[in-house]
Amino acid sequence: MSASLRAAETLGPLRLATLAAIAALAVSAAGTGHAQQPAACDRACLTKIVDGYFAALIANDPRALPQAARARITDNGADKKLADTFWPGAEATVYRFDIVNTKRGDTATETVIRNADGSKTMHMVRLKVQNGAITEIETIKANQGEADRLWDPDQLKEVSPALQLSIRESERDSYYDLVSAAESYWRAFQTNGTPAYRRARLLPDSRRYENGLQTTGLVRDGAFVSTTSGFDAGRFVGRNIWDRRYPVVDEERGIVLSIVRFGLKGGAKSQSVATTNDRLVAEFFAVKNGYIQEIQAVLFNLPDDKPTGWPADYGPGRASTE
């Protein structure tokens, strides 16, 4: 078990200690002289800020988390106050991995949170950190039943090696290579079942997990189910992948976070259970040498007419017919 997981599992009982750590961090930042330039926030620095976020969440104490005066906060696409994104039953994080972009001050984390009643919550949080202060907090979270059959957080116990690599600089995919690999996946989604279909850049044994449920890279009914096979069969025909964003790209880990909306193309009707519901989706793509190795997704059913809360980077619009 990784050190981050061991620390995560003890977070509940150590609420006071972790809040003290947050306070120390805030005091340290406040004591910096005005004449000094703010030090660059490296991976350890950004990870410590993420630690502070989860300490505040588990303690259900939003006041413990230092943030900019005009920080933008959304939860499942809706603008909210930080206090309204926390909940009193959160007890401990039992699964967690982080990605960061030190050049931009971006972080993204997927967690499974155990609640006091024994239930679990799938959770993604994205932070933007500028000059030591949190200026953006975006969360997507789902409880059982809020993404239909896509639910099995109990399977997320150990963080896979593909999500923890420290890739040598000479062997890393570039920022744009990582985005391109993720975009190839959405293009396959958008075009599957049509003459314009283009395959995604997926390794043959790539795995996809949706709210903890492994849906590809496994044997089912005696046959191996590859991630590519669903696209090749046109299982998602009519899907519109709109409002696409790539807000966090971690070149050292080889992981890119993409946040998108799952809807239907204009005039299309759902042809399978796979395209029945509109969704807000956060997907982490682990990419190696330009090919996707693992996908971890947090999904929440959200009708297309509800706002996303953030401007799109690229891609078709709502109800596009592309």
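Position 1 is the first residue of the sequence; numbering continues from there.
For the 3.5 Å distance criterion, the side chains of Asn289 and Asp173 fail to qualify, holding no donor opposite an acceptor. Judged purely by distance below 3.5 Å, without hydrogens or angles, the side chains of Ser119 and Asn115 pair a donor atom with an acceptor atom. Side-chain contact check for Thr93 and Thr111: no donor-acceptor pair (N or O, by modelled atom type) lies under 3.5 Å. For the 3.5 Å distance criterion, the side chains of Thr109 and Asp98 qualify, holding a donor opposite an acceptor.
Applying the disulfide bond (SG atoms under 2.5 Å apart) test to residues at least two apart or on different chains, none of the pairs has a partner in residues 80-161. Listed by first and then second residue, the disulfide bond (SG atoms under 2.5 Å apart) pairs involving residues 263-322 amount to none (not counting sequence neighbours).
A search for ring-ring contact (aromatic ring centres under 6.0 Å, His included) contacts involving Tyr185 returns Phe189, Phe231, Phe285, not counting sequence neighbours. Listed by chain and number, the residues in a side chain to side chain donor-acceptor pair (under 3.5 Å) with Thr191 amount to none (sequence neighbours excluded). For the side chain to side chain donor-acceptor pair (under 3.5 Å) test, no residue two or more places apart in sequence or in another chain qualifies with Arg187.
Remark: the backbone N or O of Ser184 is not paired with any side-chain donor or acceptor of Arg201 at under 3.5 angstrom. When atom types are taken as modelled, the side chain of Thr216 and the backbone of Arg208 share a donor-acceptor pair closer than 3.5 angstrom. At distances below 3.5 Å, at least one donor-acceptor pair connects side-chain atoms of Ser174 with backbone N or O atoms of Asp177. The closest donor-acceptor contact from the side chain of Lys265 to the backbone of Gln190 lies under 3.5 Å.
Other cluster members for Leu218: Val225, joined by side-chain heavy-atom distances under 4.5 Å among Ile, Leu, Val, Met, Phe, Trp and Tyr.
Taking the six-membered ring for Trp and thresholds of 30 and 60 degrees, Trp87 and His123 have ring planes inclined between 30 and 60 degrees apart.
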Legend entry - Test side-chain contact (heavy atoms from CB on, under 4.5 Å) applied to Glu183 and Arg244, step by step: CA-CA 9 Å; Glu183 179 62 21; Arg244 300 180 202 173; 2.4 Å; yes
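Taking hydrophobic clusters as Ile, Leu, Val, Met, Phe, Trp and Tyr residues chained together by side-chain heavy-atom distances below 4.5 Å, Tyr246 shares a cluster with Phe262.
Salt-bridge check for Arg172 with Glu251: failed, with every basic side-chain N at 4.0 Å or more from each acidic carboxylate O.
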